[in-house]
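Heads up, the thing below is written out as structure tokens.
Values below: every heavy atom of this structure, side chains too, minus hydrogens, waters and symmetry copies. In this text, all values refer to a predicted model and were calculated from it rather than measured experimentally.
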Amino acid sequence: MRTILETIAVAFSMFSAIPVPQFPWTEKNMRYAMCAFPLVGVAVGGLCWLWVLVCQWLSLPALLRGAGLCLLPVAVTGGIHLDGYCDASDALASHAPPEKKQEIMKDPHIGAFGVIRLCGYFILAFTLWATLIDYPGPAVWLSFCLSRTLSGLAVATFPLSKGSGLAYTFATAADKTVVARVLAAASLGLAVGLCFCGWAGAAMAALALMVFLDYHRRSVKEFGGLSGDLAGWFLQRAELWMLTGLWIVTWMEAML
């Protein structure tokens, strides 16, 4: 039980800003840490759903609801995935060879294209959340978990681009066979769960898979393998695409 709690604490201390007890990273508590990563999604989805309920109870305007839904995931994660999103955006915009792209992502300074795409990301996410006709709590909750099961699955199965960094640390410390099986099963279960949430959920699951396959292709072709920054880039893209699919389907259903 102690090892399980330490494993969960390691995942939350790395991938969230939620205060948890701090433990030294050891071979035991790092072995299955990626399996606990989706639990961060449970926290994000639960807090977002709670915020929507508060907004309904207090009859708060849709713009305020949208702002909260846009910013809550960042507050819970501390922006760790958005950091990778910006770095990867700068690298992709360079159209440089894989080795040069890796060097660009190592630069601690954000470039112009990272700023531009980050602004675009927030504007689009805020607009979609604020104008969403209906908030299907279970589907959104599952989507935050699915993005993390797929992200962890990639760390356990995709080729790595370098011998250092966060992704390398978690990948080499993990029991990859067990982690891959657990997260693959969890991803399948979450996708099926989304499909049971109706057409919107099915669209979200399909789009998450589409982004995941594109993630594998681009990480290998354009970067020579996976890195921590690319993991953050994938997670943010997957969540934005799932939100877009949810928005489109709910509006289509409202018009029919």
Side-chain angles (χ1 to χ4, degrees), residues 11-18 34 37 40-41 43-44 48 66-130 143-144 146-148 150-152 154-155 158-162 164-171 207-208 210-244:
F12 270 82
S13 65
M14 189 64 250
F15 299 110
S16 83
I18 298 174
M34 292 310 302
F37 183 25
V40 179
V44 174
C48 286
L69 291 172
C70 187
L71 296 175
L72 263 174
V74 182
V76 174
T77 62
I80 184 173
H81 308 302
L82 277 174
D83 176 69
Y85 179 81
C86 291
D87 291 340
S89 295
D90 278 328
L92 286 166
S94 71
H95 300 289
E99 296 78 10
K100 181 61 177 178
K101 286 190 176 77
Q102 290 293 339
E103 292 179 13
I104 293 173
M105 289 197 295
K106 291 178 183 178
D107 190 338
H109 302 95
I110 185 173
F113 288 100
V115 173
I116 292 169
R117 295 193 183 186
L118 181 63
C119 291
Y121 184 97
F122 274 116
I123 290 172
L124 179 56
F126 170 70
T127 302
L128 293 174
W129 283 125
S143 72
F144 283 117
L146 179 58
S147 64
R148 286 162 174 81
L150 291 174
S151 182
V155 171
F158 287 10
L160 300 175
S161 64
K162 55 185 179 180
S164 62
L166 185 60
Y168 180 83
T169 299
F170 276 86
L207 287 168
M210 178 196 73
V211 177
F212 182 74
L213 295 175
D214 179 63
Y215 174 35
H216 180 271
R217 179 185 64 83
R218 298 179 76 173
S219 64
V220 174
K221 181 180 178 181
E222 300 194 39
F223 293 90
L226 180 145
S227 67
D229 285 328
L230 285 177
W233 173 75
F234 159 73
L235 189 144
Q236 297 294 161
R237 290 183 71 233
E239 292 183 352
L240 188 60
W241 273 98
M242 285 191 282
L243 173 58
T244 302

**Item:** Donor-acceptor contact below 3.5 Å, side chain S151 vs main chain S147
**Value:** no
**Asked** Which heavy atom in F113 sits nearest to a heavy atom in A93, and how many Å separate them?
**Response** CG-CB, 3.4 Å
**Message:** Can you confirm whether D83 sits close enough to D229 that some side-chain heavy atom of one is under 4.5 Å from a side-chain heavy atom of the other?
**Reply:** yes
**Fill in**
Value for CG (D214) from CZ (R217), rounded to nearest 0.5 Å, stands at 5.0 Å
**Request:** Under the ring pair (Phe, Tyr, Trp, His ring centres under 6.0 Å) rule, collect the residues that match up with Y215, sequence neighbours excluded.
**Result:** F158, F234
**Asked** How long is the span from the SG atom in C48 to the CG atom in L71, to the nearest 0.5 Å?
**Response** 10.0 Å
**Asked** Does F37 reach the side chain of M14, with side-chain heavy atoms less than 4.5 Å apart?
**Response** no
**Taking every non-hydrogen atom, the tightest pair across F212 and A154** = CE1-CB, 4.0 Å
**Fill in**
On a heavy-atom basis, the closest approach of D90 and G111 is OD2-N, 2.7 Å
**Message:** Could you tell me if the side chain of V74 sits less than 4.5 Å from the side chain of L82, heavy atoms only?
**Reply:** yes
**S94 side chain reached by K101 side chain, heavy atoms, under 4.5 Å** = yes
**Complete:** Rounding to 0.5 Å, atoms CE (M105) and CG (L92) come to a distance of 8.0 Å
**Asked** Is there side-chain contact between W233 and R218, with heavy atoms separated by less than 4.5 Å?
**Response** yes
**Message:** Within this structure, what is the CG-OG1 distance for the pair L72 and T77, rounded to the nearest 0.5 Å?
**Reply:** 10.5 Å
**Item:** Close side-chain approach of Y85 to R237, heavy-atom, < 4.5 Å
**Value:** yes
**Request:** Search all heavy atoms of C70 against all heavy atoms of F122 and return the closest pair with its distance.
**Result:** SG-CD2, 3.5 Å
**Request:** Answer whether the closest heavy-atom distance between the side chains of L118 and S89 falls below 4.5 Å.
**Result:** no
**Prompt:** Which distance, rounded to the nearest 0.5 Å, do you find between the CD of Q102 and the CG of L230?
**Reply:** 6.5 Å
**Request:** State, to 0.1 Å, how close V40 and S16 come at their nearest heavy-atom pair, and which atoms those are.
**Result:** CG1-CB, 4.0 Å
**Prompt:** Just how far is it from atom NE2 of H109 to atom SG of C86, taken to the nearest 0.5 Å?
**Reply:** 14.0 Å
**Complete:** Smallest heavy-atom separation, H81 atom then Q236 atom, equals CB-OE1, 3.2 Å
